[in-house]
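The figures here come from the full heavy-atom set of this structure, side chains too, leaving out hydrogens, waters and symmetry mates. Numbered from 1 within each chain, the chains take letters A, B, ... in sequence-line order.
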Number of protein chains: 2
Amino acid sequence: MPDSTPGARPTLEAVAARAGVSRATVSRVVNGGAGVRQPLVDKVRRAVEELGYVPNHAARTLVTRRNGAVAVIIAEPEFRVFSDPFFEQQVRGISRELTAHDSQLVLLWVEGPGDYERVARYLAGGHVDGALAFSVHNDDELPSVIHRTQVPTVFGGRPGWPGAHGELAVPYVDADNRGGAREAVRYLVSLGRRRIAHIAGPRDQTSATDRLDGYRDVLLDADPELVAHGDFTEESGARAMAGLLERRPDVDAVFAGNDLMASGALRVLRERGLRVPRDVALVGFDDMASVAGTTDPPLTTVRQDIEGMGRLMVRLLMRTLNQDEPGAGAPGSVITPTELVRRASA
Amino acid sequence: MPDSTPGARPTLEAVAARAGVSRATVSRVVNGGAGVRQPLVDKVRRAVEELGYVPNHAARTLVTRRNGAVAVIIAEPEFRVFSDPFFEQQVRGISRELTAHDSQLVLLWVEGPGDYERVARYLAGGHVDGALAFSVHNDDELPSVIHRTQVPTVFGGRPGWPGAHGELAVPYVDADNRGGAREAVRYLVSLGRRRIAHIAGPRDQTSATDRLDGYRDVLLDADPELVAHGDFTEESGARAMAGLLERRPDVDAVFAGNDLMASGALRVLRERGLRVPRDVALVGFDDMASVAGTTDPPLTTVRQDIEGMGRLMVRLLMRTLNQDEPGAGAPGSVITPTELVRRASA
DNA sequence: TTGAAAGCGCTAACAC
DNA sequence: GTGTTAGCGCTTTCAA
């Protein structure tokens with residue numbers, strides 16, 4: 001069992017004494033054991049085991065300047081960010097990949113502008129090696145706050161704030177929203193649909209505008225009346241659908257900006273006695289299992305690998321951290337592919 | 001602007017030089033400034049400002065043995081723990097209170113038994129001052145793993161594992177499940193109901209068994225047929241209700257172990273043409289806004305202050321940490337009161 | 001290959 | 001009040 005003086009953790013020194021070697025040797029063994037002869041390695045390992053030695057993190061950080069920790073900054077301007085399944089999947093991916101890199105996840109929960117200073121102080125304090133943040137609304141101050149701290153940061157979602165291409169450019173991971181949207185719309189076209197509407201998300205989120213752009217890429221001459229706007233909620237999708245039906249009762253297909261709005265649209269379509277996909281074909285975006293799989297009919301939708309995006313954010317950050325020393329070029333952003341999943345709604 | 005040698009953060013030393021004082025004085029000022037004459041304080045403050053000095057956390061931790069960080073251990077044996085609204089509220093409370101105590105939240109996400117070793121290593125490494133964990137199933141290994149690390153820990157929910165009263169006793173925060181249940185059942189009795197059923201949660205979770213105990217406290221001679229078991233999901237509530245109706249079609253009230261099961265029960269009651277509350281009065285537990293407020297009719301239920309429980313967990317932990325030095329008695333657990341919220345279902 | 005020794009940046013006695 | 005000094009526990013040259 002561990003320790004003779006409970007409360008006092010054994011130090012390197014103690015292990016060295018027990019193993020009859022120097023602190024330096026113990027340190028080498030603890031850090032992989034390269035360049036130490038086998039018998040000594042064994043001896044040290046045994047001492048570590050017997051004493052229940054665990055390296056002191058602060059001491060190590062002090063000299064290596066590595067924290068083994070990454071901040072995940074969650075800004076919550078909206079509401080239930082945390083319980084958002086999208087978010088959960090992304091954080092899960094982040095958590096898993098961080099674990100694989102022996103790093104810890106420090107959660108920085110920002111509830112309002114007043115929290116920015118706290119976050120800035122924390123980042124500047126060198127508690128973490130880097131940060132992961134999410135691109136929310138374009139007028140958010142967070143990016144510039146983070147930028148000032150000089151802490152390497154990777155964003156989730158393509159940033160759309162002013163200067164995102166210039167001095168405030170940051171590496172990010174995003175799905176190919178525009179390409180995915182194009183594929184969805186092309187598919188509806190291939191089905192023979194001709195009056196294809198789009199229910200777009202908020203104008204200040206790139207995930208929404210990119211999808212709208214993809215829609216327009218394919219339907220260059222689309223009637224502006226065929227585009228409605230929602231805010232990614234089920235309710236807004238229903239409202240948008242109702243408006244669409246009023247303006248263009250002849251609509252024969254709808255590409256919704258996400259699954260939630262698609263499910264709202266579906267509800268309205270059925271209320272009006274329109275059959276899906278017979279009368280109106282419907283395609284969503286996200287492939288959120290809790291939505292797309294449970295509607296009636298199940299949604300045809302564009303899948304993005306959300307957990308994978310979380311993992312990629314971590315990998316990108318780690319690459320940034322490791323190349324900091326060898327003055328290499330900035331590690332570009334990455335766009336992950338999407339995939340059209342055909343179910344019954346189109 | 002901060003710094004002449006970008007990349008190299010200014011140290012205490014640099015501030016001292018600039019202000020023309022010793023490191024000790026700077027340290028005093030940075031830590032509150034007690035016992036330093038005003039003019040010097042001002043001079044130091046100015047130097048700190050000019051240099052953009054931020055204390056190095058690792059160096060500070062190394063000597064104070066305080067991390068300013070607390071681990072939140074989320075075990076996920078079930079499934080969507082993270083997106084559970086109950087959980088979100090509790091973590092929100094924790095996050096807020098931690099911020100108030102100038103502490104950070106380090107998220108330890110346990111996905112399976114294989115992760116225990118990692119968690120143990122992390123805790124033993126002295127990365128955090130304490131930990132917060134949640135009491136899940138009684139056969140979980142987590143408590144003993146945590147116990148071995150000797151890291152002060154507060155649990156959310158009354159632990160029910162073997163030894164929870166003995167060597168594995170831990171401070172915890174929980175709602176008064178038993179008292180809340182009693183109040184709910186007494187209320188149904190006061191309404192004149194005589195055949196009051198209970199849909200209980202899992203037998204290996206104390207929140208469920210405590211509520212069942214509360215039910216039995218009031219209905220000492222209740223027919224065992226009036227008790228059904230579910231697993232806290234909507235679906236299981238529906239199943240339990242169906243079974244109940246089959247055994248005792250004369251049931252005139254149901255106290256469900258949580259709102260989700262109540263909503264499942266409500267669905268079945270309506271399908272069978274039974275009116276709520278006229279034919280069967282229904283009471284839930286939790287007062288989960290997304291459930292209790294949206295059913296038709298809205299649920300009468302027992303409210304617990306979930307966010308408050310999260311905050312209390314932190315306060316309890318902080319008290320433990322601060323009393324570590326003055327050998328005071330262990331800081332007991334705390335039970336928070338519940339409140340019956342009357343809506344339309346009973 | 002191994003050991004000795006010099007710090008990493010800070011706090012906390014202890015002197016002055 | 002303020003400064004001097006001795007570490008906190010570890011990694012990392014540099015010598016041997």
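Within the nucleic acid shown, A:R65 comes within 4.0 Å of sugar-phosphate atoms alone, with no base atom in reach, counting heavy atoms only.
When the nucleotides D:dC10, D:dC8, C:dC10 are ranked by their closest atom to the side chain of B:L62, D:dC8 comes out on top. Comparing C:dT11, C:dC10, C:dA6 by their closest approach to the side chain of A:R23 singles out C:dA6. Closest to the side chain of A:A59, from the set D:dG3, C:dG3, D:dC10, is D:dC10. You'll find that the side chain of A:R37 is closest to C:dT1, out of C:dT1, D:dT12, D:dG3. Checked against D:dC10, D:dG3, C:dT11, the side chain of B:A24 finds its nearest nucleotide in D:dG3. Here the nucleotide nearest the side chain of A:T11, chosen from D:dT2, D:dA6, D:dG9, is D:dG9.
Rounded to whole Å, the distance from NE2 on A:H57 to P on C:dC10 is 17 Å. Across the protein-nucleic acid pair, A:E13 atom CD and C:dA4 atom P stand 11 Å apart, rounded to whole Å. One atom, CZ of B:R60, and another, C1' of D:dG9, lie 18 Å apart when rounded to the nearest Å. Nucleotide C:dG9 holds its P atom 15 Å from the NE2 atom of A:H127, rounded to whole Å. Atom C1' of nucleotide D:dG9 and atom CZ of A:R9 are separated by 13 Å, given to the nearest angstrom. Atom CZ in B:R66 sits roughly 16 Å away from atom C1' in C:dA12 (whole-Å rounding). Across the protein-nucleic acid pair, A:L12 atom CG and D:dT12 atom C1' stand 13 Å apart, rounded to whole Å.
Considering A:Q90, A:Q89, A:R92, A:R96 as possible partners of A:E307, the one that fulfils the side-chain hydrogen bond (donor to acceptor under 3.5 Å, both in side chains) test is A:R96.
Between C:dT2 and A:S22, no contact under 4.0 Å exists linking OP1 or OP2 to a side-chain N or O. Look at B:T25 and you'll find a side-chain N or O under 4.0 angstrom from OP1 or OP2 of D:dG3. Dashed line: the shortest gap from a side-chain N or O of A:T64 to OP1 or OP2 of D:dT11 is not under 4.0 Å. In terms of phosphate contacts, B:N56 brings no side-chain nitrogen or oxygen within less than 4.0 Å of OP1 or OP2 of C:dC8.
In this structure a side-chain-to-backbone donor-acceptor pair under 3.5 Å is missing from A:S27 to A:R23.
Using a 4.5 Å heavy-atom threshold, the side chains of B:R60 and B:N31 count as touching.
Side-chain to base pairing of A:R28 with C:dG3: one donor and one acceptor N or O lie within less than 3.5 Å of each other.
Classification of A:E50 and A:R46 as a salt-bridged pair fails, no side-chain N sitting under 4.0 Å from a carboxylate O. Remark: A:R45 does not engage A:D42 in a salt bridge, criterion side-chain N to carboxylate O under 4.0 Å.
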- Evaluate side chain to side chain contact (heavy atoms under 4.5 Å, CB included) for B:N56 paired with B:T11, printing each intermediate quantity in order. CA-CA 8 Å; B:N56 177 304; B:T11 69; over 6 Å; no

- In sequence, state the C-alpha distance, the side-chain angles, and the governing distance for B:I73 and B:W109, and then conclude on side chain to side chain contact (heavy atoms under 4.5 Å, CB included). CA-CA 6 Å; B:I73 305 171; B:W109 194 329; over 6 Å; no

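Direction change of the helix axis from one end of the helix from C:dT1-D:dA16 to C:dC16-D:dG1 to the other is 40°, with five pairs defining each end axis (rounded to 10°).
Between A:L12 atom CG and A:L51 atom CG the span is 11.0 Å, to the nearest 0.5 Å.
In terms of position along DNA chain D, the nucleotide closest to B:V21 lies nearer the 5' end than the nucleotide closest to the other residue of the pair B:V63 and B:V21.
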